[in-house]
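Sequence positions, counted from 1, serve as the residue numbers for this chain.
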Amino acid sequence: MHTIRHMVIPAAGLGTRLAGAIPGIPGHFPKEMLPIGGKAAIQHTVAEGYYAGIREFCIVTRRGKEIIRTLFEKGEYPGGMDEAKQAELDEILSESTFHFFEQEKLDGECGAIHLTREAVGDNPFVVAYPDNICSPSGTVGRLLQAFGEKPVDLLSLMLVNEENMMCLSDSGRVDLEGDKDSELYRITDFLPKGGGCFEPRFEGELRTCGIYVALPHYFDYIAQELEGIGRAELTDGIVRRTMLKDGVSFYGLPVPEEIHDAGNPEGFWRCAQEFARS
């Protein structure tokens, strides 16, 4: 049985897609702290890991996002939370360990992930972006169960349809091959991110979302790419395409949960409305 203890949460982004788009919220307010269902978006992410058995969280922020650290060091959220949500946070804080990192270089999401290497060590780990909100929760638990049966680089896959496509950015597009002996798909290519919303190429298209399990060699490939990237931002797509060329296998697990892209205005409002109804 392969036990995963760490979740890496990249939260150092500039949040340009949401800046100024939420009435009453200053444009500089971290998107990870925006209220969804009465608690911060990033608390949903941490809770998703916690209820799947993860107890070590590595959160990467940048200057100006100290409020995120305050949430998980002092258990304080601006304006407060209701009793049940505060109790959830208090339980998580009492049972978990948090490591904080500040990303100083503008070297992208993979640069942020690489900062956690020493804390994670030579272990597989979960990466979860705090603007990808599961509804209902359970995606990380499904990934960990599947990883226990097949310990590979494993990404969650969600169905894109007419109901959610306008609320999803054009990212996470992959080419897949089915496996007749498994519920997993083999990922044969990671396509570059596009502009606008995600328009399916065919009915039933699956896309990756920002929740996945990575083997420790992911750190090695990130380090390799960081050496040659110069001043550009290093995306996971660049790293993964290099890994595919080297013969690394990636697999995707379709999940029944809705994974909201709460990092853009349309996705945020759709997510907020769904949690308001629940």
Tell me whether R186 forms a cation-pi arrangement with F250, defined as NZ or CZ under 6.0 Å from the six-membered ring centre and within 45 degrees of its axis. no
Taking everything shown except R63 itself, do over 12 heavy atoms lie less than 6.0 Å from its CZ? no
Would you say the side-chain atoms of N132 pair up with the backbone N or O of C209, donor to acceptor, closer than 3.5 Å? no
Atom pair CD (E95) and CD1 (I54), whose distance is rounded to the nearest 0.5 Å: 15.0 Å
Determine the interplanar angle of the Y212 and Y129 rings, folded into 0 to 90°, and report it as parallel if under 30°, tilted if 30 to 60°, perpendicular if over 60°. tilted
Any non-hydrogen side-chain atom of L234 less than 4.5 Å from a side-chain atom of D107? no
Check: I113 and D236 side chains under 4.5 Å, non-hydrogen atoms: no
Given 3.5 Å as the limit, does a donor-acceptor pair link the side chain of H99 with the main chain of A119, or not? no
If we only count heavy atoms from C-beta on, is the I9 to F98 side-chain gap below 4.5 Å? no
Would T242 and Q224 count as having a side-chain donor-acceptor pair, cut-off 3.5 Å? no
Do the side chain of Q86 and the main chain of A84 share a donor and acceptor less than 3.5 angstrom apart? no
Could you tell me if the ring centre of F72 sits under 6.0 Å from that of F100? no
How about C110 and L226: do any of their side-chain heavy atoms sit closer than 4.5 Å? no
With side-chain contact (heavy atoms from CB on, under 4.5 Å) as the criterion, how do K65 and M33 come out once you've worked through the C-alpha distance, each side chain's angles and the decisive distance to 0.1 Å? CA-CA 9 Å; K65 289 191 168 185; M33 293 292 290; over 6 Å; no
Note, V248 side chain near H217 side chain (heavy atom, < 4.5 Å): yes
Got a second to check how far R69's CZ is from K74's NZ, nearest 0.5 Å? 10.5 Å
Using only atom types and a distance under 3.5 Å, with no angle test, would you say the side chain of E258 pairs donor to acceptor with the backbone of P136? no
Compare every heavy atom of G38 with every heavy atom of M81, then report the nearest pair and how far apart it is. CG-O, 3.6 Å
Report yes if the side chains of F275 and I133 come closer than 4.5 Å at any heavy-atom pair, otherwise no. yes
Would you check if E266 and M166 make a side-chain contact, meaning some heavy-atom pair closer than 4.5 Å? no
Is the shortest side-chain heavy-atom distance between L159 and L206 below 4.5 Å? yes
Minimum heavy-atom separation for Y185 and G178, please, with both atom names. CD2-CA, 3.7 Å
Any chance you could pull the hydrophobic cluster mates of L115, using side-chain heavy atoms under 4.5 angstrom and chaining through other members? V60, F101
Give a yes or no on whether the backbone of V140 and the side-chain of E48 come within a donor-acceptor separation of less than 3.5 Å. yes
Examine distances only and state if a side-chain atom of E109 and a backbone atom of G13 form a donor-acceptor pair shorter than 3.5 Å. no
Rounded to the nearest 0.5 Å, what's the gap from CD on E91 to OH on Y51? Could you check? 5.5 Å
May I ask you to check whether over 12 heavy atoms, not counting those of D122, lie within 6.0 Å of atom CG? no
So does R142 pair up with E183, basic N to acidic O under 4.0 Å? no
Heavy-atom nearest pair, G108 first then Q103, reads O-NE2, 2.8 Å
From L154 atom CG to L144 atom CG, the distance as rounded to the nearest 0.5 Å: 9.0 Å
Sequence-distant partners of S169, side chain to side chain contact (heavy atoms under 4.5 Å, CB included), two or more places apart: R17, S171, R207, D261
What do you reckon, is CD of E199 surrounded by more than 12 foreign heavy atoms closer than 6.0 Å? no
Nearest-0.5 Å distance that lies between atom OG1 in T116 and atom CE in M7: 12.5 Å
I'd like to check the ring-ring contact (aromatic ring centres under 6.0 Å, His included) partners of F268; sequence neighbours left out, ordered by chain and number. none
Indicate yes or no for a side-chain donor-acceptor contact from N123 to the backbone of I4 under 3.5 Å, with no hydrogens or angles considered. no
Distance, nearest 0.5 Å, that separates CZ of F125 from CZ of R117: 9.5 Å
Determine the minimum heavy-atom distance between G121 and F219, stating which atoms define it. O-CE1, 4.3 Å
If we ignore hydrogens and angles and just use 3.5 Å, is the side chain of N161 paired with the main-chain N or O of N164 as donor and acceptor? yes
